[in-house]
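One structure is given below, encoded as C-alpha cells.
We count ligands from 1, going down the list as the structure has it; atoms in each ligand are counted the same way. All values below were derived from every heavy atom in this structure, side-chain atoms included, with hydrogens, water molecules and symmetry-related copies excluded. Positions are given from 1 along the sequence.
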Amino acid sequence: MALKNGKDFLSIEQHTTEDLRRILDLAKAQKPLARAHKLPPSHPGRVLACVFAKPSLRTRVSFEVAIRQLGGTSLYITDQEIGLGKRESVHDVAKVLSRFVDGIMIRTFKQADVDGLARHATVPVVNGLTDLLHPCQVMGDILTIEEHLGSVENKTVVMVGDGNNLANSWLTAAMRFPFTFVLACPRGYEPDERILQEADRAGASYVITNDPREAMQGAHVIYGDVWTSMGQEAEGQKRLRDFTGFQINDDLLADVDPSCIVLHCLPAHRGEEITDAVMDGPRSAVFDQAENRLHAQRAILALLMA
Ligand code: CP
Ligand code: NVA
C-alpha cells in the first residue's frame, strides 16, 4: 500500500502528515515533467472510473488528464446511469466497479456514500467532492500556496464565505499542517460540528469569526468560494442576503500586506463573492491554483494506484 492509512483518498484527516507531504513532493517533482510532456507512463493500462452526481469542469478534466499522463485511461460516468444507492446499492456498485477498473474517483452529495464505496471496493476510491469535503482541492491549494509563498507552515489562510466543504477541508488540513485557518462567515454558516470538534482534539490552529475585516489581520492567503454550493440552489436568494458584506473586493483587501495572495477554488460567481478586480488583479493566483488540481491529483493517483 502506497499510503500508510488506507488504499483511498477520502479526506485529508485520514492521512498522516508524512503521506500528505509525499503527495505534495511528488506533485512538485512531476509538474515540470508533465508540462513538458516528459512524464514516464508509470501506470500503463490502468483505468480510472470518474463518477459524477454533480457538474464539474476542473475535477473532471484534471482527473481524466492526470490518469492519461500516467499512461492510463479514464471513464466518465454520470450518476444518472449508476443511480448510486437507488438503482443499485453502494455495496454492489463498489464490488462491480472493482472488477472492471483500477480506481474510482467520485463526486456526489453524501460523504457516507463515498466512504461506503471505499469500504466495499477493492480498488482505491478518491473523493472528488461531497457536501462535506473537497480534499483534492485543498491539496492542490496547498501546492499553490507553497509555490507562491514557500512552506504553508506558519502561514495564515483566511477564507471569507460559507463554512462549507472547502472550509471543512481546510480545517482537516490544519489538523495535519502547522498553519492557521481563519473563516469569516455569517452567523449560522459555521463549518461542520464534528470536524470542528476533531480540529480541537487534534490541536489545529483555527479561528471562526463573523467579521471579515478583522479576519484580514495577518493574512497570507485570502480564500474564496461560492456562497451557494452545488445542491443548495433553492437557498440561493436567502444566501445572497445573508452573505452581504462578505464579498472579497478591493475595499476588504485595502490594508492587507501586498505579498498576500488570493485564491478561489472556482467556479466563481464574479460580482457576488468576489469582484472581477480581485479575480483578475495582481494578487490573484486562481489559475495557477486551477492548474495545480492536475498536479496534486496526479500525485495522489500515482501513489494510490502504484
Ligand atoms: N474547483 C472545482 O472542483 O471545480 P469543478 O466543480 O469545476 O470541478
Ligand atoms: N463549495 C462548492 C465548491 C465547488 C468546487 C460546491 O460544493 O459547490
Is it the case that Q111 and N127 place a side-chain donor and acceptor less than 3.5 Å from each other?
yes

What I want to find out is whether R87 reaches D79 closely enough, with some N-O distance under 4.0 Å, to be called a salt bridge.
no

The closest protein heavy-atom partner of atom 6 (O) of ligand 1 is R107 NH1, 2.8 Å

Where is the nearest protein heavy atom to atom 2 (C) of ligand 1: which residue, which atom, and how far?
R293 NH1, 3.2 Å

Run the numbers for me: atoms of ligand 2, each under 4.0 Å from some heavy atom of N165, listed by number.
1 (N), 2 (C), 6 (C), 7 (O)

Identity and separation of the nearest protein heavy atom to atom 4 (O) of ligand 1
R58 NE, 2.8 Å

Could you say whether the N/O atoms of S229 and ligand 2 ever approach to under 3.5 Å?
yes

Nearest-neighbour protein heavy atom for atom 8 (O) of ligand 2, which is reported as residue plus atom name and distance:
M230 N, 2.8 Å

Judged by modelled atom types alone, do D19 and N5 share a side-chain donor-acceptor pair under 3.5 Å?
no

At under 4.0 Å between heavy atoms, is it the side chain or the backbone of L266 that contacts ligand 1, or both, or neither?
backbone

Would one find an N or O of L129, backbone or side chain, under 3.5 Å from an N or O of ligand 1?
no

Give a yes-or-no answer on whether the side chains of Y206 and D200 include a donor-acceptor pair shorter than 3.5 Å.
yes

Give the ring-plane orientation class for H120 versus H91, where under 30° counts as parallel, over 60° as perpendicular and anything between as tilted.
perpendicular

Which heavy-atom pair separates G6 from L304 by the least distance, and what is that distance?
O-CD2, 4.5 Å

Which of the numbered atoms in ligand 1 are under 4.0 angstrom from any heavy atom belonging to H134?
2 (C), 3 (O)

Between T108 and D113, a side-chain donor and acceptor under 3.5 Å
no

Using 4.0 Å as the upper bound for N to carboxylate O, is an ion pair formed by E18 and R22?
no

Location of contacts on K54 toward ligand 1, heavy atoms closer than 4.0 Å:
neither

Between L129 and ligand 2, which part of the residue brings a heavy atom under 4.0 Å of the ligand: side chain, backbone, both or neither?
side chain

Run the numbers for me: atoms of ligand 1, each under 4.0 Å from some heavy atom of C265, listed by number.
1 (N)

Number the atoms of ligand 2 from 1 as they appear, then name those within less than 4.0 Å of a heavy atom of L266, with their elements.
5 (C)

For a quick check under 3.5 Å, do S74 and E64 share a side-chain donor-acceptor pair by atom type?
yes

Below 3.5 angstrom, do we get any N/O pair linking T59 and ligand 1?
yes

Is there a nitrogen or oxygen of D225 sitting under 3.5 Å from a nitrogen or oxygen of ligand 2?
yes

Distance under 4.0 Å to a non-hydrogen atom of L57: what atoms of ligand 1 satisfy this?
5 (P), 7 (O), 8 (O)

Atom CG of residue position D211 - does it have more than 12 heavy atoms of other residues, nucleotides or ligands inside 6.0 Å?
yes

